[in-house]
Amino acid sequence: MGKQMAQITIATSICPSNIEMQQSAVSSWQALGFSVISVNNAKEKAYLQEQFQNVRFIVADRDASSIVGKPLVFIDDVLEALNRSGAQICGIVNSDIHLVGTDDFHSFITSALNGNLLFGPRTDISCMQDLSGEEYFGGFDFFFFDRSLIKLIPKTDFCLGAPWWDYWLPVILFTRGVQIVQLITPFAFHVNHPAKWSENTFEKMGRLFAGYLNEAGFSDSIDKDLLSAVRNSMSQRDLGPLSIFSLYFIKSRSKKISHFSSPANVNKYATPAKDHYHQAELLKFYTTQFNQLVDLLYQRENLSVARQNKLQTIEEQQRHFAIPRRFKEAIKTIRKMSRKFRVKK
């Protein structure tokens, strides 16, 4: 008899709208052998449990309405639900993310963890019938980890469905000595739709992120450039550079792994290897972008002509590597900063 697979439970918070898309997404998790729990308030549970009969609903006795204006659940409550589930391996996935893997993906995750945090971004697509799309570089949409890591994560006011919690999880676990591992094989797919969080929510959650990292006890284990960006964002109320620095911190310090099964195990949705993103090239561009931001932050009072010309290099790399739109937004931030801090003659 073969070795029994470890139980993997994914936690999410199913939204009481766009039901059909979420049903399809959750079904894709279950098809890969994952158990699913959803943390919701009592009113949402009463409505949703009839729509998702194979999902176990956990009632949260509070929500983040006073913080973000919506009844989103706190990450702390999601982690607590996972901790009480008894699952050996835990996952957190946004409820509209389709997971498309091979038959052995469940065992791959089990073997890949080994005390690590496994995470990755989604691929944005137009429909599930066509999985060719663009990797989302603004954050991360799935996390898998051993239940024992939950005790290492401090209490916060981050919530599922709002930004910055997906930065917090890998950054804080890295500072606690956990190896963070990014899965670069396309695995999570998301059908495009307008963002549901506001700029105000981005700013509010970003200030929380900066404040938590600036607390005593964290600063010694955080990269000096990231910590500088944290303090700079708090003093200048500009969270754009902090977002870019945080992404660079996570990507540059994470081990990269991929998952390719033998042809016999690849299901009909598997993405051919030739279509995978060239992570090394993208990270090279990201490093260049990061260094440019460092220059602007530390030398903004004396931006030389040579450093202004450096911005052209970024544009050249953008054309050469066909950089996704997330980087185009970052380039706008760099240009804005260069204009803002240029010494007037």
Side-chain angles (χ1 to χ4, degrees), residues 9-14 37-42 44-45 56-95 113 115-119 139-180 197 200-223 226-227 229-231 233-234 239 242-243 246 249-250:
T9 296
I10 291 178
T12 190
S13 184
I14 297 173
I37 61 177
S38 180
V39 183
N40 295 83
N41 60 44
E44 289 177 345
K45 176 191 174 184
R56 183 158 64 95
F57 284 87
I58 307 296
V59 174
D61 58 6
R62 58 176 189 153
D63 61 49
S65 295
S66 62
I67 300 176
V68 296
K70 296 180 180 179
L72 301 180
V73 299
F74 290 99
I75 292 297
D76 288 355
D77 293 333
V78 174
L79 292 170
E80 179 62 22
L82 285 168
N83 198 31
R84 292 184 177 184
S85 72
Q88 178 181 341
I89 297 174
C90 303
I92 301 178
V93 182
N94 288 322
S95 62
L113 288 183
N116 304 324
L117 172 71
L118 180 67
F119 69 100
F140 309 101
D141 289 83
F142 64 87
F143 297 86
F144 291 96
F145 48 91
D146 189 274
R147 183 161 52 96
S148 63
L149 296 187
I150 294 176
K151 65 178 180 292
L152 300 178
I153 304 171
K155 301 293 184 182
T156 68
D157 283 336
F158 292 120
C159 43
L160 198 58
W164 292 94
W165 74 270
D166 56 328
Y167 296 177
W168 170 252
L169 209 57
V171 168
I172 193 59
L173 286 176
F174 180 84
T175 64
R176 298 295 171 88
V178 175
Q179 172 71 68
I180 56 176
W197 46 265
N200 181 59
T201 299
F202 177 84
E203 295 285 333
K204 188 173 292 186
M205 293 294 107
R207 288 194 294 272
L208 282 179
F209 179 84
Y212 291 140
L213 289 185
N214 198 46
E215 289 178 0
F218 290 164
S219 59
D220 290 343
S221 56
I222 294 177
D223 179 270
L226 176 60
L227 188 60
V230 165
R231 292 171 175 168
S233 69
M234 295 178 72
L239 293 167
L242 178 57
S243 175
S246 301
F249 180 88
I250 295 166

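The first residue in the sequence is number 1, and the count goes up from there.
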Quick check: does any side chain N or O of Y212 sit under 3.5 Å from a backbone N or O of I172, one acting as donor and the other as acceptor?
no
If we only count heavy atoms from C-beta on, is the T201 to P163 side-chain gap below 4.5 Å?
yes
Measuring only between side-chain heavy atoms, which start at C-beta, is V59 closer than 4.5 Å to N40?
no
Angle class for the W164/F202 ring planes (parallel below 30°, perpendicular above 60°, tilted otherwise)?
tilted
Do F119 and D166 have side chains that get closer than 4.5 Å, going by heavy atoms?
no
Derivation of the side-chain contact (heavy atoms from CB on, under 4.5 Å) call for I75 and L160:
CA-CA 6 Å; I75 292 297; L160 198 58; 3.9 Å; yes
Between OG on residue S85 and CZ on residue R56, distance to nearest 0.5 Å:
6.5 Å
Begin from the C-alpha positions of V171 and L213 and carry the test side-chain contact (heavy atoms from CB on, under 4.5 Å) through to its verdict.
CA-CA 9 Å; V171 168; L213 289 185; 3.9 Å; yes
Would you call L113 and F144 a side-chain contact if the rule is heavy atoms closer than 4.5 Å?
yes
Compile the donor-acceptor pairs under 3.5 Å between side chains in residues 147-154 and protein atoms, sequence neighbours left out, one pair per line.
| unit_1 | atom_1 | unit_2 | atom_2 | d |
| --- | --- | --- | --- | --- |
| R147 | NE | A87 | O | 2.8 |
| S148 | OG | D146 | OD1 | 2.7 |
| K151 | NZ | S148 | O | 2.8 |

Minimum heavy-atom separation for P170 to I250, with atom names?
CG-CD1, 3.7 Å
Counterpart residues, side chain to side chain contact (heavy atoms under 4.5 Å, CB included), relative to N200 (two or more places apart):
S198, K204
With distance as the sole test, does T12 use its side chain to make a donor-acceptor pair with the main-chain N or O of V93 at under 3.5 Å?
yes
Gap between atom CG of L117 and atom CZ of F140 - 0.5 Å precision:
10.0 Å
Any side-chain heavy-atom pair of Y167 and W165 under 4.5 Å
no
Check L169, L118, L173 against F143 for a side-chain contact (heavy atoms from CB on, under 4.5 Å) and give me the one that passes.
L169
Please identify each residue that fulfils salt bridge (Lys or Arg N to Asp or Glu O under 4.0 Å) with D141, with sequence neighbours left out.
R122
Could you check whether the rings of F158 and W168 sit parallel, tilted or perpendicular, using 30° and 60° as the cut-offs?
tilted
Under the salt bridge (Lys or Arg N to Asp or Glu O under 4.0 Å) rule, collect the residues that match up with D77, sequence neighbours excluded.
R62
Looking at side-chain heavy atoms only, is the closest gap between T156 and L208 below 4.5 Å?
no
Would you check if I89 and F145 make a side-chain contact, meaning some heavy-atom pair closer than 4.5 Å?
no
So the salt bridge (charged side-chain N to carboxylate O under 4.0 Å, His left out) pairs with at least one residue in residues 82-93 (sequence neighbours excluded) are E80-R84
If we ignore hydrogens and angles and just use 3.5 Å, is the side chain of S13 paired with the main-chain N or O of V39 as donor and acceptor?
yes
L242 versus A210, closest heavy-atom pair with distance:
CD2-CB, 3.9 Å
Kindly compute the distance separating NZ (K155) from CZ (F74), expressed to the nearest 0.5 Å.
12.0 Å
Qualifying residues under side chain to side chain contact (heavy atoms under 4.5 Å, CB included), relative to N41, sequence neighbours excluded:
K43, E44, D63, P71
